[in-house]
**Q** 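Before I ask anything, here is the structure I am working with.
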Amino acid sequence: MQKAEASSGEALCTILDDEMLKSETVAATQLFKNLGSRAILLVDGLSAPQPPADYTTLTKPFTGADLLGVINSLIEAAK
């Protein structure tokens, strides 16, 4: 979690797996608040539904094209 926080300040987006929410709930929740729309959360079909938030979710399994599409939309939004 600390590595994600440290590198997220300079990044266009930060991609996080939902396992972080399970193992480090409080820290992950705060990180999502700080990142807002710059976060992409990877979830599986068995994960508990996430509450509506500013970040984007991508359900596993996904393709590289799916992930690039989400990243490209964040790039467009940042322009």
Side-chain angles (χ1 to χ4, degrees):
M1 179 64 67
Q2 291 174 343
K3 289 181 182 181
E5 286 181 282
S7 63
S8 66
E10 300 174 17
L12 170 69
C13 66
T14 301
I15 302 169
L16 302 164
D17 194 272
D18 65 345
E19 290 298 319
M20 291 180 75
L21 288 175
K22 296 172 188 172
S23 64
E24 299 183 50
T25 305
V26 174
T29 301
Q30 185 59 45
L31 180 58
F32 279 116
K33 282 184 181 179
N34 294 341
L35 292 172
S37 63
R38 297 182 309 122
I40 301 171
L41 178 64
L42 307 179
V43 299
D44 61 32
L46 303 175
S47 299
Q50 300 303 316
D54 201 17
Y55 56 83
T56 301
T57 59
L58 191 57
T59 304
K60 301 177 241 178
F62 55 86
T63 66
D66 294 334
L67 181 57
L68 287 175
V70 172
I71 293 169
N72 286 333
S73 68
L74 290 175
I75 291 170
E76 287 299 315
K79 288 183 180 179

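Keep in mind that what you see is a predicted model, and the values were worked out from it rather than measured.
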**Q** Report the distance from atom OG of S73 to atom CD1 of I40, rounding to the nearest 0.5 Å.
**A**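 Interatomic distance, S73 OG to I40 CD1, rounded to 0.5 Å: 7.0 Å.
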**Q** Roughly how far apart are R38 CZ and D54 CG, rounded to 0.5 Å?
**A**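 R38 CZ to D54 CG: 11.0 Å, rounded to 0.5 Å.
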**Q** Apply the side-chain contact (heavy atoms from CB on, under 4.5 Å) test between C13 and each candidate in L74, L35, T56, V70; give the one that qualifies.
**A**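 Exactly one option meets the side-chain contact (heavy atoms from CB on, under 4.5 Å) with C13, and it is L74.
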**Q** So for atom NZ, which belongs to K33, do other residues, nucleotides or ligands contribute more than 12 heavy atoms lying within a distance under 6.0 Å?
**A**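 Atom NZ in K33 is not packed in, count stays at 12 or less.
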**Q** So how far is it from L58 CG to D44 CG, rounded to the nearest 0.5 Å?
**A**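 If we round to the nearest 0.5 Å, L58:CG and D44:CG are 12.0 Å apart.
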**Q** Report yes if the side chains of K79 and I75 come closer than 4.5 Å at any heavy-atom pair, otherwise no.
**A**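 A side-chain contact exists here, since the closest heavy-atom pair is under 4.5 Å.
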**Q** Starting at OG1 of T14, measure out to CZ of F32 and round the result to the nearest 0.5 Å.
**A**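 One finds 9.5 Å between OG1 of T14 and CZ of F32.
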**Q** With distance as the sole criterion, is a donor-acceptor pair present between the side chains of N72 and E76 under 3.5 Å?
**A**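 Their side chains do not contain a donor-acceptor pair, so the 3.5 Å distance test is not met.
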**Q** For D18 and T57: C-alpha separation, side-chain torsions, deciding distance, then whether side chain to side chain contact (heavy atoms under 4.5 Å, CB included) applies.
**A** CA-CA 10 Å; D18 65 345; T57 59; over 6 Å; no
**Q** Has the side chain of N34 got a donor or acceptor atom that lies under 3.5 Å from a matching backbone atom of L31?
**A**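 Judged by distance alone, no pair lies under 3.5 Å.
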**Q** Evaluate side chain to side chain contact (heavy atoms under 4.5 Å, CB included) for F62 paired with L67, printing each intermediate quantity in order.
**A** CA-CA 7 Å; F62 55 86; L67 181 57; 4.1 Å; yes
**Q** Starting at CG of L42, measure out to OG1 of T59 and round the result to the nearest 0.5 Å.
**A**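 Result: 9.5 Å between the selected atoms.
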